[in-house]
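Could you have a look at this structure, given as structure tokens, before my questions?
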Amino acid sequence: NSKKMPPKTKNKGMKTGAQKKKKDAGADVEAESKHRLALLEKELLQDHLALRRDEARRAKASEDQLKQRLQGLEAELERTRSEGKAIYAEMSRQCQALQKEMNTRNRQLEEEARGLREQLETCQREAKAAQEEAEQALGERDRTVTQLRAYVADMEAKYEEILQDSLDRLSAKMRAVKPQWDGAVPPLQARHKEQLCQFGLNLLDLK
């Protein structure tokens, strides 16, 4: 038994060395796997970081664009507000000017209307007075015409009486001088006939 012991010991030592080598090889494989895993994780992390950086860059660019657009919109809004304020101020000024002009025109129209009413009242008073004067004048004219007619009628009657009296006196005178006239007519006719003949005229041609 004592002779068989050393080989057994030797085999045991060989077995222990093989197990050790096998163990070392497994450790190396595990280490290599861990190393590859670490490299893979590192690459994945780097890719992830690169992706995050790219996303962050794009997000930053988008944010900058949005900021620029927002600034542009704010500037445009400010311009619009300024223009709106200017337009409102101008419209307010025009409205105030128009209101002032309308108030002035209304006062002028009121004054003109007041003046026209006063003129109308004056014209109405004058027309009434003129009508009264015209009616009074017509009444006086009618009275005067009546008086004149009466006077003319009276004068006509008196004139007719005087004329008739004159005619009566003239007839009486003519009757008184008729005999003398009848005696004086033939000599006068003869004398006148002689004078007419001297001028080449005939008394009968003149009748």
Side-chain angles (χ1 to χ4, degrees), residues 1-139 141:
N1 291 338
S2 59
K3 289 181 181 181
K4 293 180 181 179
M5 287 298 294
K8 187 176 180 180
T9 303
K10 185 177 180 180
N11 290 336
K12 186 178 180 181
M14 290 176 63
K15 186 177 180 180
T16 303
Q19 290 179 351
K20 185 176 181 181
K21 287 180 180 181
K22 186 176 180 181
K23 185 177 181 181
D24 291 338
D28 291 339
V29 171
E30 185 179 357
E32 181 68 20
S33 298
K34 289 181 179 181
H35 180 67
R36 289 181 179 178
L37 182 59
L39 291 175
L40 182 60
E41 290 178 354
K42 183 178 180 181
E43 291 176 357
L44 291 173
L45 182 60
Q46 289 176 350
D47 292 340
H48 182 69
L49 290 174
L51 181 61
R52 294 298 299 271
R53 279 195 222 98
D54 187 56
E55 290 177 353
R57 185 170 55 253
R58 287 197 300 269
K60 185 67 168 59
S62 298
E63 184 180 359
D64 294 338
Q65 291 178 356
L66 289 174
K67 285 183 179 180
Q68 291 178 359
R69 186 176 179 183
L70 181 60
Q71 291 175 356
L73 291 174
E74 289 178 351
E76 185 176 357
L77 178 61
E78 186 63 27
R79 285 195 302 270
T80 304
R81 286 178 178 174
S82 300
E83 292 176 357
K85 289 180 180 179
I87 293 173
Y88 177 78
E90 180 64 19
M91 291 179 65
S92 179
R93 186 189 65 79
Q94 291 180 2
C95 288
Q96 291 177 358
L98 182 61
Q99 185 67 32
K100 185 177 180 181
E101 183 179 357
M102 289 179 63
N103 292 334
T104 303
R105 184 58 180 165
N106 287 333
R107 287 195 297 271
Q108 293 177 352
L109 291 175
E110 289 176 357
E111 292 176 358
E112 292 177 359
R114 188 182 304 111
L116 291 174
R117 283 195 296 269
E118 292 176 356
Q119 292 180 6
L120 179 61
E121 292 174 357
T122 302
C123 290
Q124 289 176 347
R125 288 194 300 269
E126 292 178 353
K128 185 177 181 181
Q131 184 178 2
E132 292 175 355
E133 292 178 358
E135 291 176 353
Q136 185 177 359
L138 288 174
R141 187 199 68 178

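Values in this document were obtained by computation on a predicted structure and should not be read as measured data.
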**Report entry** Interatomic distance, Lys60 atom NZ to Arg57 atom CZ [nearest 0.5 angstrom]
**Finding:** 12.0 Å

**Report entry** salt_bridge(Glu121, Arg117) N-O dist < 4.0 Å
**Finding:** no

All N/O donor-acceptor pairs, side-chain side in residues 123-131, below 3.5 Å, sequence neighbours left out:
| from | atom 1 | to | atom 2 | distance (Å) |
| --- | --- | --- | --- | --- |
| Arg125 | NH2 | Thr122 | OG1 | 3.3 |
| Gln131 | NE2 | Glu135 | OE2 | 3.4 |

Query raised in the report: Out of curiosity, Asp47 CG to Lys42 NZ, how far, rounded to the nearest 0.5 Å?
Result: 12.0 Å

Query raised in the report: Do NZ/NE/NH1/NH2 and the carboxylate oxygens of Arg93 and Glu90 come within less than 4.0 Å?
Result: yes

Query - Lys100 vs Gln96, side-chain contact (heavy atoms from CB on, under 4.5 Å): CA-CA, chis, key distance, verdict - result: CA-CA 6 Å; Lys100 185 177 180 181; Gln96 291 177 358; over 6 Å; no

Query raised in the report: At what distance, to the nearest 0.5 angstrom, does CD of Glu63 lie from CG of Leu70?
Result: 11.0 Å

Report summary line: Output for pair (Glu55 CD, Leu51 CG), nearest 0.5 Å, gives 4.0 Å

Report summary line: Between Asn103 and the options Glu101, Arg107, Arg105, the side-chain contact (heavy atoms from CB on, under 4.5 Å) test singles out Arg107

Report summary line: CG (Leu109) and CZ (Arg114) are apart, to the nearest 0.5 Å, by 11.5 Å

Query - Spacing of Leu39 atom CG and Leu45 atom CG [to the nearest 0.5 Å] - result: 12.5 Å

